[in-house]
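All values derive from a computational prediction rather than experimental measurement.
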Amino acid sequence: EVQLVESGGGLVQAGGSLRLSCAASGFRFDDYAIGWFRQAPGKEREGVSCISTSNGNTTYADSVKGRFTISSDNAKNTVYLQMNRLKPEDTAVYYCAARWPSGSYYLLSVHGMDYWGKGTLVTVSS
């Protein structure tokens, strides 16, 4: 059974930090690109960052460049999103998702993802 389980969300003040985790199972981790997406209330789901688990290449949305860092621990089948200098507009439900093959990491699109997690809520207070 394929599973993507997010954790690490919560309430933080503006300027603070959080680290999200995405634990994957049920598929060959190294063959997939793993991405983080978010959906704020009343808005469409958007891509935040994505990583190729085979070579570590990454891509970021302009809105998070320089503040967020994506990484993967292939021994643990886990992808992380370190979020620094958080802003109220970062408030959203954050989802991780996987797409085959790992070389598709640059797409950062909600369309065509093979597997999705259920999400974790991040709330940034002003």
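- Atoms SG and NZ, from Cys96 and Lys118 in turn, are 12.5 Å apart once rounded to the nearest 0.5 Å.
- A continuous path of hydrophobic side-chain contacts links Val93 to Val110 [ILVMFWY only; heavy atoms under 4.5 Å].
- Hydrophobic clustering (side-chain heavy atoms under 4.5 Å, transitive across Ile, Leu, Val, Met, Phe, Trp, Tyr) keeps Val48 apart from Leu107.
- The two atoms that bring Leu81 and Ser49 nearest to each other are CD1-CB, 4.2 Å, heavy atoms only.
- Remark: Glu46 engages Arg38 in a salt bridge, criterion side-chain N to carboxylate O under 4.0 Å.
- Linking ILVMFWY side-chain heavy atoms closer than 4.5 Å, directly or via other members, places Val124 and Trp36 in a single hydrophobic cluster.
- Residues Asn84 and Ser17 come closest through the heavy atom pair OD1-OG, 2.9 Å.
- With Asn77 contributing its side chain and Phe29 its backbone, the two residues share no donor-acceptor pair below 3.5 Å.
- For the pair Ala40 and Ala92, the tightest heavy-atom approach, listed with the atom from each and the gap, is N-CB, 3.8 Å.
- A salt bridge does not link Asp90 with Lys87: every distance from a Lys NZ or Arg NE/NH1/NH2 to an Asp or Glu carboxylate oxygen is 4.0 Å or more.
- Counting only N and O atoms by type, the side chains of Asp30 and Ser54 include no donor and acceptor under 3.5 Å apart.
- For the pair Arg19 and Tyr80, the distance from NZ or CZ to the six-membered ring centre is under 6.0 Å and the angle to the ring normal is within 45 degrees.
- How far CG of Leu20 is from OG1 of Thr78: 12.5 Å, rounded to the nearest 0.5 Å.
- When every heavy atom of Val122 is checked against every heavy atom of Met83, the shortest pair comes out as CG2-CE, 3.9 Å.
- With hydrogens and angles disregarded, no donor-acceptor distance shorter than 3.5 Å links the side chain of Tyr60 to the backbone of Arg67.
- Hydrophobic clustering, with ILVMFWY side chains joined whenever heavy atoms are under 4.5 angstrom apart, keeps Tyr95 apart from Val2.
- Cluster annotation: Leu4 and Leu108 are assigned to distinct hydrophobic clusters (Ile/Leu/Val/Met/Phe/Trp/Tyr, side-chain heavy-atom contacts under 4.5 Å, transitive).
- From Leu121, atom CG reaches atom OG1 of Thr91 across 8.0 Å, with rounding to the nearest 0.5 Å.
- Atom CD of Glu89 and atom OG of Ser63 lie 9.0 Å apart (nearest 0.5 Å).
- The closest side-chain heavy-atom distance from Leu86 to Phe68 is below 4.5 Å.
- Of all heavy-atom pairs between Tyr105 and Ser52, the closest is CB-N, 3.6 Å.
- Expressed to the nearest 0.5 Å, how far OG1 of Thr58 lies from CD1 of Ile51 amounts to 6.5 Å.
- Between Ser72 and Asn74, the shortest heavy-atom distance links the atoms OG-OD1, 3.1 Å.
- In this structure, the side chain of Thr120 does not engage the main chain of Glu6 through any donor-acceptor pair within 3.5 Å.
- Without hydrogens or angle criteria, Thr59 side chain to Cys50 main chain gives no donor-acceptor distance under 3.5 Å.
- Within a 6.0 Å sphere centred on CH2 of Trp116, other residues, nucleotides and ligands contribute more than 12 heavy atoms.
- The structure places CD of Gln3 at 10.5 Å from CZ of Phe27, a figure rounded to the nearest 0.5 Å.
- Although no hydrogens or angles enter the test, the distance criterion places a donor-acceptor pair under 3.5 Å between the side chain of Arg85 and the main chain of Gly66.
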